[in-house]
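Presented below is the structure to which this report refers.
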Amino acid sequence: MPQRPTGIMTIPPDWVCEILAPGHERKDRVMHFIRLQRAGVPFYWIIAPQERALIAYALDAGAYRAVFTAKGVGETAVKGCIPPFMEIEIDLGLLFGQPH
């Protein structure tokens with residue numbers, strides 16, 4: 001955005017990353033998912049720290065489809081290119097607190 005927005009946002013973001021909070025999983029995984037899909041947000045990530053999981057969704061013909069999933073120590077101790085950030089390698093071990 002060329003300028004800092006004020007008031008009510010009318011332009012959806014290009015990417016949303018949701019970090020699940022204990023006790024709010026249903027709202028985060030269902031309600032936010034539906035709202036962001038309806039709003040046309042192209043990319044939506046859900047990070048579940050307690051499950052040590054990341055699911056990345058991309059909007060495809062108006063519906064989200066999973067384009068990346070990782071769960072558990074083995075799958076989240078790697079580096080990977082996750083849409084929409086295909087140009088950079090993201091260290092999931094660092095993201096989930098596992099030093100390399």
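These values consider heavy atoms only, across backbone and side chains, with no hydrogens, waters or symmetry-generated copies. Only a predicted model underlies this, so the values are computations on that prediction, with no experimental measurement involved.
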Tyr44 and Gln37, any side-chain heavy atoms less than 4.5 Å apart: no
message: Quick check on Ile88: does its CD1 atom have over 12 non-hydrogen neighbours (other residues, nucleotides or ligands) under 6.0 Å away?
response: yes
- request: Check each of Thr76, Leu20, Leu95 against Ile47 using the side chain to side chain contact (heavy atoms under 4.5 Å, CB included) test, and report the only one that passes.
  value: Leu95
- request: Give, for atom CG of Leu36 and atom CZ of Phe43, the distance between the pair rounded to the nearest 0.5 Å.
  value: 13.5 Å
- prompt: Do Val67 and Leu59 belong together in a cluster built from hydrophobic side chains that touch within less than 4.5 Å?
  reply: no
statement: Interatomic distance, CZ@Phe33 vs OH@Tyr57, rounded to 0.5 Å, equals 5.0 Å
Considering all heavy atoms, the nearest Trp15-Pro84 contact: CD1-CD, 3.8 Å
field: Residues forming a side chain to side chain contact (heavy atoms under 4.5 Å, CB included) with Glu51, sequence neighbours excluded
entry: Arg29, Ala48, Ala53, Lys71
query: Tell me, do Gln50 and Pro22 make a side-chain contact under 4.5 Å, heavy atoms counted?
result: yes
- prompt: Can you tell me how far the CD1 atom of Ile19 sits from the CG atom of Leu54, to the nearest 0.5 Å?
  reply: 10.0 Å
query: Please walk me through it: do Arg52 and Val73 pass side chain to side chain contact (heavy atoms under 4.5 Å, CB included)?
result: CA-CA 7 Å; Arg52 196 176 175 101; Val73 175; 4.0 Å; yes
Transitive ILVMFWY side-chain link Ile82 to Tyr64, under 4.5 Å: no
query: Which value, rounded to the nearest 0.5 Å, describes the distance between Ile55 atom CD1 and Phe68 atom CZ?
result: 10.5 Å
message: Just verifying a value: how many Å separate Phe85 CZ and Trp45 CH2, rounded to the nearest 0.5 Å?
response: 5.5 Å
- request: For Glu75 and Leu92, work out which heavy atoms get closest and say how close.
  value: O-CD1, 4.1 Å
- request: Could I get the full list of side-chain hydrogen bond (donor to acceptor under 3.5 Å, both in side chains) partners for Asp60, not counting sequence neighbours?
  value: Arg65
Closest contact, heavy atoms only, Pro83 versus Ala56: O-CB, 4.3 Å
